[in-house]
Amino acid sequence: HWFNTMMAAHLPPSSRLTEATAAMQGVYSRQKTSSGAAWAVPGVPVIYDGNDPDAAEVIRARAEELGSPAYEVKRSDTEVLRNTSAGIDFAFRNEYYKDMVFSIPFIAKYQVMNSALALKTIEVLQNVISVSMDQIHVGIAGTRWQGRMETVLPGVIVDGAHNEDGVEKFVETAEHFQKECPLTLLFSAVDDKDYTDMIHTICSRITFRQVVVTSVGGYRQVPAERFAKLFTEAGASSVEVVEDVEKAFGRALEVKGDDGMLFCVGSLYLVASSPPNLRAAATSAASVCWTPSRAETRKFDENQQEFTNSC
């Protein structure tokens, strides 16, 4: 996703790489089993997240079996230099990028690893897809990923975290920012998710100025009063029930004030229910307009065809 959206930031719409093309290039991470390594294509480079030793071993073995060059990226290859509500600045340290600093519009540290994988992919494919350093910086700074620790307005973050790993990543991020400013939480979930454990995990590590709970998900919705009871039992000091999603967002935004941060968490339904005017405003503010020249369009098409032929 990172590679695709980075390229989309400066390549013509008619020629943007699809997820399928990215898959053909072997850009994968966090594969957990040997069956998960079945994606590899003989002879095609594999760029992977090597932080999980067991998964990395499977990926390396599969790549070697297929004669595919393998390139490992680990957290130790990066250094976070700044992590604020505006985003993250980090250095990617290798022979190609030296100690170059990149800026991403995300506040969650796991996005540093995702962007490092995309940067490594561009390095590996430098003779196939011609991308300048300036274009890389513009692309990575302009990457958008809706619903994944997405900053939609200053100090307002929406995240579709609804499983154990997603909630852990949210808590990790919120822990960092609760040292700097008061946090407000807008929460909802659907009935087939383990929202009880989610709430306990959140409250065990984060203190909120206020929690606002609401209901989403149609026939899968859970009464907001149920969430309020669980948050209170888990130790939240101030919990408010607002059944209507848009009104709940408005109330949470009001509580956030000018000095705090608001996290909207618990369900993709909640992310999708963000008021249309909010997302429209955020999208308008974040838009990057670029018109490619005919030469740039032709060059990309030629490179993409060359890569397809080599596969």
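This chain uses plain numbering: 1 for the first residue, then up along the sequence.
In this structure, Ser68 contributes its side chain and Gly43 its backbone to a donor-acceptor pair below 3.5 Å. Without hydrogens or angle criteria, Ser188 side chain to Thr214 main chain gives a donor-acceptor distance under 3.5 Å. For the pair Asp197 (side chain) and Asp194 (backbone), a donor-acceptor distance under 3.5 Å is absent. Here the side chain of Thr78 pairs no donor or acceptor atom with the backbone of Ala91 at under 3.5 angstrom.
Between Glu172 and Lys109 no salt bridge is recorded (no basic side-chain N to carboxylate O distance below 4.0 Å). Ion pairing between a basic and an acidic side chain is recognised when a charged N comes within 4.0 Å of a carboxylate O; Arg205 and Glu168 show such pairing. At a threshold of 4.0 Å, the pair Glu57-Arg60 does not count as salt-bridged, since none of the basic side-chain nitrogens sits closer than that to a carboxylate oxygen. At a threshold of 4.0 Å, the pair Arg93-Asp99 counts as salt-bridged, since one of the basic side-chain nitrogens sits closer than that to a carboxylate oxygen. Between Asp259 and Arg209 there is a salt bridge, since a side-chain N of the basic residue sits under 4.0 Å from a carboxylate O of the acidic one.
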Inset, instruction - I would like to know whether Met113 and Asp49 meet side-chain contact (heavy atoms from CB on, under 4.5 Å); could you show each step before the answer? - result: CA-CA 8 Å; Met113 189 64 209; Asp49 181 335; 3.7 Å; yes
Inset, instruction - Take Glu180 and Gln178 through the test side-chain contact (heavy atoms from CB on, under 4.5 Å) and record every step on the way to the result. - result: CA-CA 5 Å; Glu180 302 178 4; Gln178 74 175 346; over 6 Å; no
Inset, instruction - Please step through side-chain contact (heavy atoms from CB on, under 4.5 Å) for the pair Glu233 and Lys229, ending with a clear verdict. - result: CA-CA 6 Å; Glu233 292 173 348; Lys229 182 174 185 294; 2.4 Å; yes
Legend entry - Audit row: Phe249, Leu186, side-chain contact (heavy atoms from CB on, under 4.5 Å) steps and yes/no: CA-CA 7 Å; Phe249 177 81; Leu186 173 60; 4.1 Å; yes
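The side-chain heavy atoms of Val152 and Ile157, taken from C-beta on, include no pair separated by under 4.5 Å. With a 4.5 Å cut-off on side-chain heavy atoms, Asp134 and Val138 do not count as touching. In this structure, Val73 and Ile47 have side chains that are in contact, with non-hydrogen atoms separated by less than 4.5 Å. When side chains are defined from C-beta on, Leu253 counts as touching Leu262, because their heavy atoms get closer than 4.5 Å. Put simply, the side chain of His176 does not reach to within 4.5 Å of the side chain of Thr173, judged on heavy atoms. Side-chain atoms of Tyr96 and Gln126, non-hydrogen and from C-beta on, do get closer than 4.5 Å to each other. No side-chain heavy atom of Ile107 sits under 4.5 Å from any side-chain heavy atom of Thr84. You'll find the side chain of Val212 stays beyond 4.5 Å of the side chain of Phe227, heavy atoms only.
Using cut-offs of 30° and 60° for the angle between ring planes, the Tyr97 and Phe92 rings count as tilted.
Under the 4.5 Å side-chain contact rule for hydrophobic residues, Ile202 and Leu183 share a cluster. Hydrophobic cluster membership is shared by Val124 and Phe102, with clusters built from Ile, Leu, Val, Met, Phe, Trp and Tyr side chains linked at under 4.5 angstrom. Phe208 and Val255 are not part of a single hydrophobic cluster, where members link through side-chain heavy atoms under 4.5 Å apart. Tracing side-chain contacts under 4.5 Å through hydrophobic residues (I, L, V, M, F, W, Y), one reaches Val265 starting from Tyr195; they form part of the same cluster.
With rounding to the nearest 0.5 angstrom, the CZ atom of Arg251 is 4.5 Å from the CD atom of Glu240. A distance of 11.5 Å separates CG in Leu119 from CG in Asp77, rounded to the nearest 0.5 Å. Met261 CE to Cys181 SG: the interatomic distance, rounded to the nearest 0.5 Å, is 5.5 Å. Considering CD of Gln221 and CG of Asp191, their distance stands at 9.5 Å, rounded to 0.5 Å. Interatomic distance, CZ of Phe90 versus CD of Glu79, reported as 11.5 Å (0.5 Å rounding). Note that the CD1 atom of Ile136 and the CD atom of Glu123 stand 9.5 Å from one another [nearest 0.5 Å].
The local environment of CD in Glu175 is crowded, with over 12 non-hydrogen atoms from other residues, nucleotides or ligands closer than 6.0 Å.
With respect to Ser115, the side chain to side chain contact (heavy atoms under 4.5 Å, CB included) criterion is satisfied by exactly one of Ile88, Thr143, Ile140: Ile140.
Gln210 and Thr184 share no side-chain donor-acceptor pair at under 3.5 Å.
Here Phe231 and Phe187 bring their ring centres to under 6.0 angstrom of each other. Between Tyr48 and Tyr71, a ring centre-to-centre spacing not shorter than 6.0 Å is recorded.
Listed here is the closest heavy atom pair of Pro154 and Lys256: O-CE, 3.7 Å.
The other members of the hydrophobic cluster of Leu81, by chain and number, are Val101 (side-chain heavy atoms under 4.5 Å, ILVMFWY only).
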